[in-house]
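Report on the structure given below.
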Amino acid sequence: ISTQNVVEKELAKQGLTRHDVGREKFEEKLWEWREEYGGIITHQLRRLGASCDWTRERFTLDEGLSRAVREAFVNLYRKGLIYRGEYIINWCPRCQTALSDLETLHEEEPSKLWYVRYPLEEGGYIEVATTRPETILGDTAVAVNPYDKRYSHLIGKTAILPVLERRIPIIADEAVDPEFGTGAVKVTPGHDPTDYEIGLRHGLEIINIMNLDATLNGEGGPYEGMDRYEAREKLVGDLREQGLLTRIVPHQHAPGRCQRCQTMVEPMVSEQWFVKIKPLAEPAIEAVRDGRITIIPDRFTKVYYNWMENIRDWCISRQLWWGHRIPVWYCDDCHGKTVATVDPEECEHCGGKDIRQDPDVLDTWFSSGLWPFSTLGWPDNTEDLRYFYPTSVMETGYDILFFWVARMIMLGMEHMGEVPFRVVYLHGLMRDEFGVKMSKSKGNVADPLDVVAEYGADSLRFTIITGSSPGEDMKLYEEKLESSRNFANKIWQMARFITGNLPEDYHLPSGEPGEWPHLRLEDRWILARHNRVVSEVTRLLDSYQFGEAGKQIYEFLWGEFADWFIEASKVRLYGESEEAQRTARDVLVYVFGRALRLLHPFMPFVTEEIWQHLPRECQSLMVAPWPEPGPVDEEAEALQEEIWEHIRDIRNRRAEEGWPVEVRPAAYTVAGELREALESQRDVFAWLGRVEPREIAAQREQSRAGSAVVTGRLATTLVVEVDVEKERQRLEQEMTNLEGEIARAEQLLANEGFVSKAPGEVVCRERDKLARYQKERQKLEERLASLAR
RNA sequence: GGGCGAGUAGCUCAGCUGGUCAGAGCGCGCGGUUCACAUCCGCGAGGUCGUAGGUUCAAGUCCUAUCUCGCCCACCA
């Protein structure tokens, strides 16, 4: 419907309708549109890094799928599960087609309730209330509740319909709610679903008062030719004049509206094709109930049952030109129906040649419902079909659980005798920053290509995956995208650091890393942490907790691997024995390489690119084996965590007490295992705590006087030494540099013409800089003053 | 009318089947020109996990009631 609407809008610009150009020409235009825009979505998917077998791309109207549609239709028809019948359906007067219940949306809106008196044949009147006065013209009865004592004496009597003066019976039906309105209801079987049912029960006449465009037809009497709303206004006026309108009260009302164009739907009785759904629904319910299909998140299971158990026959015919034409031919001679998978030459009943195909097309979800097997060559028993059916996971948004998922299950079980998939994973919906559902008609859709261009596909993927929990909607925020992009950059920087420290001929040693010689405590720690993350991420992915899995990797790579391990590795890489350097490199490469595999499903692009620059055991990360978790060295884990805690403590003291600082010995009196560990990690401790052992400090030319120096035994005594004179010189040099920067910034600001690109932007930046410089200068002055003291 | 979801630091949200969480990102405050990274590093402030009861040795995490917001389903004219 939406495709047809788009093309019709194009035509409308030239003042044409689809009827003006004719069915054949219009279908051509539809195909043109499809050729032009059909590739966009797959292009978007590719850019997002969706890893699909693109050779298997299928389109609903492809040859093979069309064959499957006909086969399915004929099969269901022969089994008596598809029938053509008169029924009250939802009619969109704008789209000029029938709609299924799912395609009509109900939303509460303020309306009115009109109270109208219907005169009685025997004198007096009965009062009814209605939200659609124009439907009075189609009334064929007045109904009351059989147990409503107020009206029991009127049951069986006759009322006179206002205006048209039709004699209509007063009947009793339990569908009438005595509490609502007056307790008496006008019955319009031709234009109201409830009334239609009442009409069936009581054998009432069905009067259709409208044309397909919702203007009144001949049954409308004096209102013939008017639009439904125009007729309403006129009729209400007439009723008022005749004194039959007693009052109008405000009323909340939820009328049906067309899902595609928002036009108010008109219930109408019309001949349509239906799928008899109960026989299909039962096995589909059973399949979920007995666990052959699992729905995730679990709460949607209940929603599924509720819908399936109360399901009504499915109206599948649409008065459109875009879609699968219904494979039924009518005979002009004997009026028989020929239902066939291939276009017939003649009527199968009388052999007559004058046959015409049903002009209607099928609901798009009818063909979509066949997708799990129609795409694999069904009805032929192909190798693909045998191999791939049933599939493992069906992943889609929860908003099409009924539209699509339920129908795939029903039609799959009917035609294949087996469920189409084992797991249904339902994700939430993307909303804009205000929480409004993104939709094309509202124009608040973010094109993934734009987002990818600005932040990269990896960032978008990571943001979406980690931004919410399963089945929950999420709002797309720039800030989230930025943070993911920063993560991608961080990964990149880690890679630069690691590869930058590898010799040309580097090879990862063989054997289990836990067995490597010369491992230090921090190595054992990161290997343990890494093993824990591998098993945790694997578990989370297996249980469909994708967001949580992504966060674990993020925390590990940034918070542990980069912030602690890479930093700690520098003491070895920058100045210890060849052996120590080698061990550090091995652990870096090993852990990083395995973490990249975990991250690959989330950020395929940056991880693959990095993989190509690392020593690797296979060509592409995409096909690298998923890591198996190794043993977790809990002892190393605990010990190292404790040392990190002490380093944080040092940093805290520095932050609190200012720098330089004297660290009191008492805080670091430790004993036993931790003491040994600390001793073994003096260098790491010193580097990360920025507390340098004297002997290392001496080796470092750039060692500044402001640094604290550890003296004596590290774990017991930390004292600070400051060379006042050196510090003063350094500060003064800094001050000189700063003055220079300030002068330049001021000059730039004074001459705005100097700025070429993006007027104002650079100037602003300079202004910010200047403010920062001045703040810095003030601090420098303070420090110099305190130093003098 | 029925059902479901959400209500957790200023903002946006994680916290799976009850006992290391009271957390992350952004924002905010303080401090950083160290050769992977300012798309950065270090430190910090901020929440009685909507409200009221209850179960339990133990509850954002279970039960009951209730308030607010959102969604889905439904033939109340």
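Letters A, B, ... mirror the listed sequences (proteins, then strands); counts begin at 1.
For the pair A:Thr131 and B:rA77, the criterion of a side-chain N or O lying under 4.0 Å from OP1 or OP2 is not met. Taking side-chain N and O atoms only, A:Lys480 has no distance below 4.0 Å to OP1 or OP2 of B:rC13. Dashed line: the shortest gap from a side-chain N or O of A:Asn501 to OP1 or OP2 of B:rA36 is not under 4.0 Å. OP1 or OP2 of B:rA77 has at least one side-chain nitrogen or oxygen of A:His251 nearer than 4.0 Å. A close approach under 4.0 Å does occur between a side-chain nitrogen or oxygen of A:Lys490 and OP1 or OP2 of B:rC41.
For the pair A:Glu103 CD and B:rC73 P, the computed distance is 13 Å after rounding to whole Å.
Under 4.0 Å is where a charged nitrogen must lie from a carboxylate oxygen, and between A:Lys186 and A:Glu134 no such pair does. Ion pairing of A:Glu174 with A:Arg201 is absent here, as no side-chain N (NZ or NE/NH1/NH2) approaches a carboxylate O to less than 4.0 Å.
Taking only side-chain atoms of A:Asn489, from C-beta outward, the nucleotide of B:rA36, B:rU39, B:rG25 with the closest atom is B:rU39. Among the nucleotides B:rA77, B:rU39, B:rG25, the one closest to the side chain of A:Arg485 is B:rU39. For A:Ile566, taking side-chain heavy atoms from C-beta onward, the closest of the listed nucleotides B:rA36, B:rU12, B:rC40 is B:rA36. Minimum atom distance to the side chain of A:Trp558 is reached by B:rC40, of the listed B:rC72, B:rA77, B:rC40. Across B:rU12, B:rC73, B:rC4, the shortest atom-to-atom separation from the side chain of A:Tyr477 is found for B:rU12.
Residue contacts for A:Glu179: at a heavy-atom cut-off of 4.0 Å it reaches no nucleic acid atom on any strand shown. Across all strands shown, A:Phe402 has heavy atoms under 4.0 Å from sugar-phosphate atoms exclusively, and none from any base. In this structure, A:Arg539 reaches the bases: a heavy-atom distance under 4.0 Å links it to at least one base atom across the strands shown. Residue A:Phe180 is in base contact, counting any heavy-atom pair closer than 4.0 Å across all strands shown.
Under the Watson-Crick or G-U wobble criterion, with both distances below 3.5 Å, B:rA6 is paired with B:rU68. Nucleotide B:rG1 forms a Watson-Crick or G-U wobble pair with B:rC73, both donor-acceptor distances falling under 3.5 Å. Base pairing annotation: B:rG25 forms a Watson-Crick or G-U wobble pair with B:rC11, both donor-acceptor distances under 3.5 Å.
An anti orientation is assigned to B:rG31, its glycosidic angle lying beyond 90° of 0.
For the atom pair A:Leu137 CG and A:Thr188 OG1, the distance stands at 9.5 Å (nearest 0.5 Å). Distance CD1/A:Ile88 to CE/A:Met268: 9.5 Å, rounded to 0.5 Å.
In the interface, the side chain of A:Glu472 is not paired with the base of B:rA14 through any donor and acceptor atom under 3.5 Å apart.
Residue-to-nucleotide proximity on RNA chain B shows that, of A:Ala495 and A:Asp195, the 5′-proximal contact is made by A:Ala495.
The gap from the C1' atom of B:rC13 to that of B:rU17 amounts to 22 Å, rounded to the nearest Å.
A perpendicular orientation is assigned to the rings of A:Phe180 and A:His251, their planes being inclined by more than 60° (bins at 30° and 60°).
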